[in-house]
Colleague: 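Here you go, one structure.
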Amino acid sequence: MMIQDSQFRITHHFSDGLYAKESFFTAGMAIMKHTHNFSHLSILAHGKVAVLRGTEIDIVSAPACIEIEAGVTHGVKAITDCVWFCIHATEEKHPYKVDEILIKGD
């Protein structure tokens with residue numbers, strides 16, 4: 001399933017026990033700060049981003065694989081157009097329900 005506009009596109013990928021959220025976003029766009037219930041890997045497949053994890057900001061260029069620890073508030077801002085994957089272990093296969101399980105609620 002794909003959610004798309006001209007500057008941001010999400011494609012959901014599901015396999016046995018795995019979920020990958022593929023995000024394309026243009027330079028200057030940001031993925032808002034959020035916190036996950038479980039640690040996961042994020043892969044920057046294309047581009048350059050600023051990654052906020054807690055109070056630290058790292059500049060990362062593709063290709064790169066980054067661990068995002070559970071409970072750490074994080075966000076990503078595109079410096080160039082980029083493709084970013086979040087890889088999670090989950091049995092959920094519904095694109096509208098998966099964030100309810102993976103993102104920590106208030």
Side-chain angles (χ1 to χ4, degrees):
M1 171 177 211
M2 186 176 358
I3 300 169
Q4 178 175 344
D5 71 22
S6 62
Q7 296 181 345
F8 188 74
R9 179 177 64 241
I10 294 176
T11 305
H12 301 277
H13 305 275
F14 298 93
S15 187
D16 294 338
L18 288 175
Y19 164 62
K21 179 186 278 186
E22 176 185 354
S23 301
F24 165 82
F25 45 110
T26 58
M29 290 195 69
I31 295 176
M32 294 175 28
K33 292 189 286 184
H34 58 285
T35 306
H36 288 283
N37 294 316
F38 307 98
S39 295
H40 71 284
L41 296 176
S42 288
I43 298 169
L44 179 60
H46 175 81
K48 186 175 185 178
V49 297
V51 180
L52 169 69
R53 284 180 284 184
T55 59
E56 296 181 23
I57 297 175
D58 296 309
I59 304 300
V60 180
S61 295
C65 185
I66 302 159
E67 180 183 11
I68 305 294
E69 295 179 1
V72 174
T73 300
H74 62 284
V76 179
K77 183 172 182 180
I79 296 169
T80 65
D81 292 356
C82 65
V83 177
W84 178 272
F85 288 85
C86 290
I87 312 296
H88 296 272
T90 182
E91 295 297 328
E92 180 59 61
K93 294 190 183 231
H94 193 287
Y96 295 115
K97 292 182 181 178
V98 72
D99 280 346
E100 293 174 17
I101 293 167
L102 300 176
I103 296 177
K104 188 173 185 171
D106 295 329

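Below, each value reflects all heavy atoms present in this structure, side chains not excepted, and no hydrogens, waters or symmetry copies.
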Colleague: Using only atom types and a distance under 3.5 Å, with no angle test, would you say the side chain of Lys93 pairs donor to acceptor with the backbone of His13?
Modeller: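 Such a contact is absent between Lys93 side chain and His13 backbone.
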Colleague: Between OG1 of Thr90 and CG of Asn37, what distance do you get to the nearest 0.5 Å?
Modeller: 10.5 Å
Colleague: Do Ile66 and Val49 belong together in a cluster built from hydrophobic side chains that touch within less than 4.5 Å?
Modeller: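 Ile66 clusters together with Val49.
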Colleague: If I take atom CZ from residue Phe14 and atom NE2 from residue His94, how far apart are they, to the nearest 0.5 angstrom?
Modeller: 8.5 Å
Colleague: Could you grab the distance from atom CG of Leu102 to atom NZ of Lys97, nearest 0.5 Å is fine?
Modeller: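 NZ of Lys97 is found 13.5 Å from CG of Leu102.
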Colleague: Would you say Met29 ends up clustered with Val60 if hydrophobic residues are merged whenever their side chains have heavy atoms under 4.5 Å apart, either directly or through other cluster members?
Modeller: yes
Colleague: The criterion is ring-ring contact (aromatic ring centres under 6.0 Å, His included); which residues satisfy it with Phe25, sequence neighbours excluded?
Modeller: none
Colleague: Answer yes or no: is there a side-chain heavy-atom contact under 4.5 Å between Glu22 and Phe24?
Modeller: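 No, every pair of side-chain atoms sits at 4.5 Å or beyond.
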Colleague: Centre-to-centre under 6.0 Å for Phe38 and His36, is that the case here?
Modeller: no
Colleague: How long is the gap from CG on Asp58 to CZ on Arg53, to the nearest 0.5 Å?
Modeller: 5.0 Å
Colleague: Pair up each side-chain donor or acceptor in residues 72-89 with any protein partner under 3.5 Å, not counting sequence neighbours, and list the distances.
Modeller:
from: Thr73; atom 1: OG1; to: Thr35; atom 2: OG1; distance (Å): 2.8
from: His74; atom 1: ND1; to: His34; atom 2: O; distance (Å): 3.2
from: His74; atom 1: ND1; to: Val72; atom 2: O; distance (Å): 3.1
from: His74; atom 1: NE2; to: His34; atom 2: NE2; distance (Å): 3.1
from: Thr80; atom 1: OG1; to: Lys48; atom 2: N; distance (Å): 2.9
from: Asp81; atom 1: OD1; to: Ala27; atom 2: N; distance (Å): 2.9

Colleague: Could you note down all residue pairs passing side-chain hydrogen bond (donor to acceptor under 3.5 Å, both in side chains) where residues 60-69 supplies at least one of them, sequence neighbours left out?
Modeller: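 Not a single pair qualifies under side-chain hydrogen bond (donor to acceptor under 3.5 Å, both in side chains).
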